[in-house]
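The structure appears below as structure tokens.
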Amino acid sequence: MYLVHTYLELPSGGELPRNIRTLVRSAITPRDGVEHVAVHPVSSCELTLGFYLLAGALEEAEERAVRATRRLLGAVPELATARPTGAGVPLIPLAFEPHEPHRPYEPNGPHEPRTVDRSGLRGRIGPRPLPSIREPFPRA
């Protein structure tokens, strides 16, 4: 399973409706191939969609997320004027340090994996832009 984020921005003066999560989730269809979608309003005019998808490869997952995003722009009238600004797979930057291969894992021992986000921001998995294998929304 892959998590692919896509980013949308409304034009100046545009504003996301309060029920945007419900609108987006109700517009997802089985043909989108999406297991779950997380909807994260970033501001009154910016939105991140997190698509959880089953796919054979990263490229396939990104392509499905981009297709679903484009379809949502037509299916959800409140997003009709939104502009996609990017897509990518969020990576967890060294959230867990591996234990030494020649020593067994020791709970609470010297080789216990660390779960510290080194960015210094708790709960955040990294800054944008996120890596992508291609440019999913070419700039006009």
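Keep in mind that the numbers below use all heavy atoms, side chains included, and drop hydrogens, waters and symmetry copies.
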_The criterion is side chain to side chain contact (heavy atoms under 4.5 Å, CB included); which residues satisfy it with Ser26, sequence neighbours excluded?_
none

_Looking at every heavy atom in both Ala87 and Thr6, which two are closest together, and how far apart are they?_
CB-CG2, 3.8 Å

*May I ask you to decide if Glu59's main-chain N or O and Arg64's side chain share a donor-acceptor pair within less than 3.5 Å?*
no

*Beyond-backbone contact of Val4 with Val66, side-chain heavy atoms, under 4.5 angstrom*: no

*Measure across Pro84 and Leu73 and return the closest heavy-atom pair with its distance rounded to 0.1 Å.*
CD-CD1, 3.9 Å

*Ignoring hydrogens and angles, tell me if any N or O in the side chain of Arg25 forms a donor-acceptor pair with the backbone of Val37 under 3.5 Å.*
yes

*Approximate separation, where rounding is to 0.5 Å, of Thr85 OG1 and Tyr7 OH*: 8.0 Å

*4.5 Å side-chain heavy-atom contact, Leu3 and Phe51*: no

_Is it the case that the side chain of Arg83 and the backbone of Glu9 share a donor-acceptor pair, with hydrogens and angles ignored and the cut-off at 3.5 Å?_
no

*Non-hydrogen side-chain atoms of Glu35 and Leu54 separated by less than 4.5 Å*: yes

*Atom CG of Leu23 and atom CG of Leu79: how far apart are they, to the nearest 0.5 Å?*
7.5 Å

*Output yes when a side-chain donor or acceptor of Glu62 lies under 3.5 Å from a complementary backbone atom of Leu58, and no otherwise.*
no

_Tell me the closest heavy-atom pair linking Tyr2 and Ala55, and the distance in Å._
CE1-O, 3.5 Å

*So, Arg71 side chain and Ala27 main chain: donor-acceptor pair closer than 3.5 Å or not?*
yes

_I'd like to check the side chain to side chain contact (heavy atoms under 4.5 Å, CB included) partners of Glu15; sequence neighbours left out, ordered by chain and number._
Ser44

*Could you pull out the closest heavy-atom pair between Leu16 and Ser43, with the gap in Å?*
CD1-O, 3.6 Å

*Decide yes or no for Leu47 and His40: does some side-chain heavy atom of the first lie under 4.5 Å from some side-chain heavy atom of the second?*
no

*asked:* Minimum heavy-atom separation for His5 and Gly50, please, with both atom names.
replied: CD2-CA, 3.5 Å

_side-chain contact (heavy atoms from CB on, under 4.5 Å) between Leu72 and Ile28, intermediate numbers included_ = CA-CA 8 Å; Leu72 285 170; Ile28 294 293; 4.0 Å; yes

